[in-house]
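Data block below; observations after.
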Amino acid sequence: MGSAHTRAKAAPSSRTRVRRVNERARYDREAIFSVIDAGLVAHLGFVDEGQPFVIPTLHARIDDQLYVHGSSASRAMRRLGEGIPVCITVTLVDGIVLARSVFEHSMNYRSVVVLGTATAVEAESEKNDALKAFTEKLLPGRWSDARVPTSAELKATSVLRVPLAEASAKIRTGGPEDGDTPDAELDVWAGHIPLVINALAPVPDPTLREGIELPEYARNYRRPGFTQ
Ligand SMILES: Cc1cc2nc3c(=O)[nH]c(=O)nc-3n(C[C@H](O)[C@H](O)[C@H](O)COP(=O)(O)OP(=O)(O)OC[C@H]3O[C@@H](n4cnc5c(N)ncnc54)[C@H](O)[C@@H]3O)c2cc1C
């Protein structure tokens, strides 16, 4: 992968090279990290007994390592912890692209595909750091308010680490691409509709004790990485 300051043109491996519309591909850390950090959901793809599974989960990044976590009883956590190959995908949907023709309709998106193998995290301190990264990724500031995990809770949680060494990003922005084709003469509206994640007003838990103020980070929640 290229340095944080350069836009790497070369894929880190032939199997991570984007083939179609490859001018949308990015292989530099800056692009890959920003998609991973803005994404709320990762999909874990793996094969178990010949059957492919694609399991949605939370994720977090610390430096050049991607972390996922789950119950120690979860099949995905157990199988991936054994070191079988995994493909992790993070997808952000940024808009709908309306072309004059059905054929040219598209979406604006940012996505990352990571290939590799996972390692089960054993050290309590690294597990704790990963849980902090998950929490702070969702709500910066929340870690210092919420009760931190106990040793028993950390034991019941599987944490896996996957290096971000073999990864690609693909990013589409802007409008349709038929403006310089004969279709531009058609009386059909064309353009794009940006989409964002929009938080509504927080709903207090019915058992919340009186007098506990809504924290500022929840009051005006905005997902980082989205323009609103
Ligand atoms: C929200 C969304 C909607 C899409 N809709 C369509 C659609 O309707 N039809 C369509 O053909 N394509 C669509 N794509 C693009 C699609 O993800 C693939 O990029 C596309 O199928 C071309 O793959 P390929 O044959 O070039 O590469 P493949 O041979 O499939 O992949 C080679 C390598 O390229 C990398 N790669 C491929 N795609 C991506 C990606 N999206 N992000 C990061 N790395 C990638 C991976 O490392 C992969 O191992 C969509 C993408 C997103 C995020």
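Counting starts at 1 for both ligands and their atoms, following the listed order.
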Roughly how far, to the nearest 0.5 Å, is the OG1 atom of Thr57 from the NE2 atom of His69?
-> 7.0 Å

Charged N to carboxylate O under 4.0 angstrom, Glu126 versus Arg161?
-> yes

Residues Lys127, Glu124: salt bridge by 4.0 Å N-O rule | no

Does the cation-pi check pass for Arg61 over Phe33, that is, NZ or CZ under 6.0 Å from the six-membered ring centre and within 45° of its axis?
-> yes

Does NZ or CZ of Arg75 fall inside the cone over Phe53's six-membered ring, less than 6.0 Å from its centre and within 45° of the axis?
-> yes

Of all residues at least two apart in sequence or in a different chain, which pass the ring pair (Phe, Tyr, Trp, His ring centres under 6.0 Å) check with His192?
-> none

Go ahead and list the nitrogen or oxygen contacts between ligand 1 and the protein that come in under 3.5 Å, distances to 0.1 Å, or just say none.
residue: ligand 1; atom: 11 (O); partner: Arg20; partner atom: NH1; Å: 3.3
residue: ligand 1; atom: 19 (O); partner: Lys170; partner atom: NZ; Å: 2.7
residue: ligand 1; atom: 26 (O); partner: Arg19; partner atom: N; Å: 3.0
residue: ligand 1; atom: 26 (O); partner: Arg20; partner atom: N; Å: 2.5
residue: ligand 1; atom: 34 (O); partner: Arg17; partner atom: O; Å: 3.3
residue: ligand 1; atom: 41 (N); partner: Ser111; partner atom: OG; Å: 2.9
residue: ligand 1; atom: 42 (N); partner: Ser111; partner atom: OG; Å: 2.7
residue: ligand 1; atom: 44 (N); partner: Ser168; partner atom: OG; Å: 2.8
residue: ligand 1; atom: 47 (O); partner: Thr16; partner atom: O; Å: 3.4
residue: ligand 1; atom: 47 (O); partner: Ser168; partner atom: OG; Å: 2.9
residue: ligand 1; atom: 49 (O); partner: Arg15; partner atom: O; Å: 2.6

